[in-house]
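Only one structure is covered here, and it is reproduced in the block below.
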Amino acid sequence: MSTPTPTTVLASFEEAFKEQLMQIGRSQNISWSFWREISNHYNDSSRLFHTLRHLDSVYSLLLEVKEEISDWPMLMFAVAYHDIIFNPLRNNNQANSAALAVERLYELGVNKCRIDLCEAHILATRKHDFSLNSDTNYFTDADIAIFGADPEEYVEYYKKIREEYNIFPTVVYNPGRRKVLEHFLDMPRIFKTDYFADRFEKQARINLGMELQELL
């Protein structure tokens, strides 16, 4: 598939995101303004996992399948904004994150069809169900690749998630977390693309099952 971006591999997601803004004819000042808003959200002190490091990780994974992506710029915007709004007390974070992405894309003059695509990518991270759009599937797979990490890294991940939700006592948190884990384990396949399933599916089921047992 053709991609509307150069073949240069940029070292960090910050560089990649700013490059997309420059490509659609925006000034460096706008590029910095957009990134400042993003980094301010992801650098919030209450975040331990949903940080800029997570964006870098998702970006790095998506680079591996870039040739399979139909609209790379919209995928980069989805990466940037998919967790920009994160309030542990709310269950509409994805919708609010998508709404902010839509607002910023309209400011940039992006056409509605592409904006709708970016919005769909972000909203898909709520349930991670299979999508008819392959870009969405690659994106949501990269977003949860941590599920298939080495056990030690996975333990570090779920401890960070617990800390992000430390406002909730164990008696409230554990049932909610179990529901999330069971949602993924009940799927015929957690990862929707062959590329990510081959790489992460087996270990992901081991990791999620391990955490689930600890929450019982």
Side-chain angles (χ1 to χ4, degrees), residues 12-14 38-62 78-101 121-131 136-187 189-193 196-197 199-216:
S12 71
F13 177 68
E14 177 181 354
I38 292 165
S39 62
N40 283 345
H41 279 277
Y42 285 93
N43 281 328
D44 186 277
S45 60
S46 66
R47 298 187 183 215
L48 282 84
F49 176 75
H50 295 93
T51 64
L52 292 178
R53 182 179 178 184
H54 174 55
L55 302 192
D56 278 332
S57 176
V58 173
Y59 166 64
S60 296
L61 288 164
L62 290 172
V79 173
Y81 286 91
H82 78 285
D83 284 325
I84 193 167
I85 305 300
F86 179 71
N87 182 346
L89 294 173
R90 305 295 295 273
N91 63 2
N92 60 350
N93 289 316
Q94 289 89 351
N96 288 335
S97 295
L100 183 55
H121 292 333
I122 296 172
L123 293 176
T125 63
R126 183 171 186 180
K127 293 186 176 179
H128 287 83
D129 290 331
F130 178 79
S131 171
T136 300
N137 290 328
Y138 279 114
F139 171 56
T140 57
D141 278 0
D143 183 41
I144 58 171
I146 186 64
F147 288 177
D150 292 338
E152 296 81 5
E153 185 179 356
Y154 182 78
V155 170
E156 181 182 351
Y157 150 75
Y158 76 66
K159 286 182 177 179
K160 288 179 178 179
I161 295 296
R162 179 65 182 100
E163 187 64 24
E164 286 183 337
Y165 287 88
N166 65 4
I167 191 171
F168 297 107
T170 299
V171 68
V172 174
Y173 177 82
N174 282 12
R177 182 64 178 173
R178 285 200 303 267
K179 186 175 180 180
V180 171
L181 299 176
E182 289 167 351
H183 169 72
F184 285 103
L185 287 170
D186 286 343
M187 291 178 171
R189 196 168 81 166
I190 295 170
F191 294 92
K192 307 307 180 289
T193 63
F196 284 102
R199 184 172 174 182
F200 295 119
E201 183 79 17
K202 182 178 179 180
Q203 187 61 48
R205 290 192 175 275
I206 294 171
N207 289 339
L208 296 180
M210 171 190 66
E211 183 185 356
L212 185 61
Q213 287 300 311
E214 293 189 6
L215 294 171
L216 295 178

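- From L208, atom CG reaches atom CE of M187 across 10.5 Å, with rounding to the nearest 0.5 Å.
- At a cut-off of 3.5 Å, with distance as the only test, a side-chain donor of D141 or T193 sits close to an acceptor on the other residue.
- Considering all non-hydrogen atoms of both residues, R162 and F168 come closest at NH2-O, 2.8 Å.
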Candidate pair Y165 and Y158, rule ring-ring contact (aromatic ring centres under 6.0 Å, His included), full reasoning: CA-CA 11 Å; Y165 287 88; Y158 76 66; over 10 Å; no
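- For the pair V155 and M210, the minimum side-chain heavy-atom distance is below 4.5 Å.
- F147 pairs by the ring-ring contact (aromatic ring centres under 6.0 Å, His included) definition with F184, not counting sequence neighbours.
- The aromatic rings of H54 and H82 sit tilted, their planes meeting at an angle between 30° and 60°.
- Y42 places a side-chain N or O within donor-acceptor distance of the main-chain N or O of D83, the cut-off being under 3.5 Å.
- Side-chain atoms of L216 and Q213, non-hydrogen and from C-beta on, do get closer than 4.5 Å to each other.
- You'll find the side chain of L61 reaches within 4.5 Å of the side chain of F200, heavy atoms only.
- Applying the salt bridge (charged side-chain N to carboxylate O under 4.0 Å, His left out) definition to pairs two or more places apart or across chains, those involving residues 200-216 are R177-E211, E201-R205.
- The main-chain N or O of S46 is found under 3.5 Å from a side-chain atom of D44 such that the two form a donor-acceptor pair.
- Looking at R47, its side chain does come within 3.5 Å of a backbone N or O of H41 through a donor-acceptor pair.
- For the pair E164 and K160, the salt-bridge criterion is not met [side-chain N within less than 4.0 Å of a carboxylate O].
- Side-chain atoms of S57 do not come within 3.5 Å of backbone N or O of R53 as any donor-acceptor pair.
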